[in-house]
Student: 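Mind having a look at this structure? Questions to follow.
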Amino acid sequence: MGSLPSFDAGYAGIASALFDQVRALSRDGPGVTRASYGDVETRVLARLARTAAAEGIATSYDAAGNLWMTVPGRAPERPGVIAGSHADSVPRGGNYDGLAGIVAGLVCAIRMCRERAPPERTFTTVAFRGEESAWFGKPYLGSAALLGKLTDRDLALKHRDTGYPLRFYMREAGADPQRLVRGEPLVEPRSIAAYLELHIEQGPVLEDADRPIGIVTGIRGNFRHRAIRCIGTAGHSGAVPKRMRQDAVFAVADLLSRIEEAWDEWLLNGHDLVVTSGVLHTNADTHAPSIIPGEVWFSLEARSGSQETLDGFHRAIAAECESIGAARGVRFEFDQPIFSAPATMDGALVELLAGICAERKLAYMRVPSGAGHDAAHFANAGVPAAMVFVRNQRGSHNPDESMLIEDFMLGTDVLYAAVRAI
Ligand code: GLV
Ligand code: MN
Ligand code: MN
């Protein structure tokens, strides 16, 4: 492992050029937008496929529309190694969330081809579609489909902007939605020796600790409501005394502040928990400052490394809604929640990655992942999975997200050494 020479500077140039090309394809104001199963995502995959093909790497698309870029191994009969991540982004997000992992895998594959150094096991870089829940409410769509975990109900999930179902967008993108919901994996999990994903950290921990590399121990699961509806009574803002109002905005404000208090308590009790409400609005088309708000919609998401914590907190929120409903004369209508299970990374792969970092005298640390990743699906399907985090600046899921190419190449080096060692 340690005896492998690091990437020479030319590969950093290849990576930078790929990042720039994809940014140019997906630029949206200050950030990038690559909608899940959208046109830009399709064009990004085509761009990556062209680069791979020019280097002699075999490319193909699976029935979920994910792009496979494969370097055959010297022992093709043995289970292969997959490096993957996602090509989509949140609306006006950053360029590296997801893309970094695909570019890292592709750069490793290019090096294998240029140096005529095929790996022992067949090595495939998969560019997944549809990882971001921002578009259809559910994350990991491309990897879920690959592993036979997509359901008919998932195909009916509505696009955030158009309301058209996922099924429609999948077909437009050349995928075969009917085949995907048969519950049969497109690839047999036993045929995958390891799933490795490089990803930017998206949080401040590595930067704060001054370490360029993180090795992920586990991935938080979550539950998510895209739109809970609070129903009160609309009325004249001047004419109704306080005690006679059923104001939906104050009810939701009360609920959210109770949720935040409960969150503090759960943290004090040792739970791993983060909670977010972001999409929050009244019936804005007809609403006005002179109307008591009769309806509010709000999103609610909680994440934890523990399924028990997620289930318990979900029940606690339902109880708060009951109690606020009774006290304020409002009603909460819940949409169908979307659940993603927490995942644990493979112990042996974590040790392998740690050994590689130690041999290379890289400053690294083990970290749990607060964000969700396709790796969670592989781990929960029984595929040994592990992740390399690369330090990044100014967070993620925002247009200011950034990353140093030097740090990226350190992570890519770790990924390459791991692929060769497995
Ligand atoms: C994926 O980016 C997530 O929302 O965790
Ligand atoms: Mn993301
Ligand atoms: Mn991501």
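Computed over heavy atoms, backbone and side chain alike; hydrogens, waters and symmetry mates excluded. Both ligands and their constituent atoms are indexed starting at 1 by order of listing.
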Student: For the pair W266 and H271, name the ring-plane relationship: parallel under 30°, tilted 30 to 60°, perpendicular over 60°.
Tutor: tilted

Student: Using a cut-off of 2.8 Å, how many protein N, O or S atoms sit around the Mn ion (ligand 3)?
Tutor: 3

Student: Do any nitrogen or oxygen atoms of ligand 1 lie under 3.5 Å from a protein nitrogen or oxygen, and which ones?
Tutor:
residue: ligand 1; atom: 2 (O); partner: E132; partner atom: OE1; Å: 3.1
residue: ligand 1; atom: 2 (O); partner: H397; partner atom: NE2; Å: 3.0
residue: ligand 1; atom: 4 (O); partner: R303; partner atom: NH2; Å: 2.8
residue: ligand 1; atom: 5 (O); partner: R303; partner atom: NH1; Å: 2.6
residue: ligand 1; atom: 5 (O); partner: R303; partner atom: NH2; Å: 3.3
residue: ligand 1; atom: 5 (O); partner: G372; partner atom: N; Å: 2.6

Student: Heavy-atom distance under 4.5 Å between the side chains of M345 and M387, does that happen here?
Tutor: yes

Student: If we ignore angles and hydrogens, is there a donor and acceptor under 3.5 Å between the side chains of R78 and T122?
Tutor: no

Student: Please tell me whether E265 and N269 have a donor and an acceptor in their side chains that are separated by less than 3.5 angstrom.
Tutor: no

Student: Hydrogens and angles aside, do D374 and H86 bring a side-chain donor and acceptor to less than 3.5 Å of each other?
Tutor: no

Student: Can you tell me if S402 and Y96 form a side-chain donor-acceptor pair at under 3.5 Å?
Tutor: no

Student: On the 0 to 90° scale, with breaks at 30° and 60°, tag the Y169-Y164 ring pair as parallel, tilted or perpendicular.
Tutor: tilted

Student: How about T42 and R129: does a side-chain donor come under 3.5 Å of a side-chain acceptor?
Tutor: yes

Student: Name whichever N, O or S atom of H397 ends up nearest to the Mn ion (ligand 2).
Tutor: NE2

Student: In terms of the angle between their ring planes, are H199 and F389 parallel, tilted or perpendicular, with boundaries placed at 30° and 60°?
Tutor: tilted

Student: Determine whether the aromatic ring centres of Y37 and F136 lie less than 6.0 Å apart.
Tutor: no

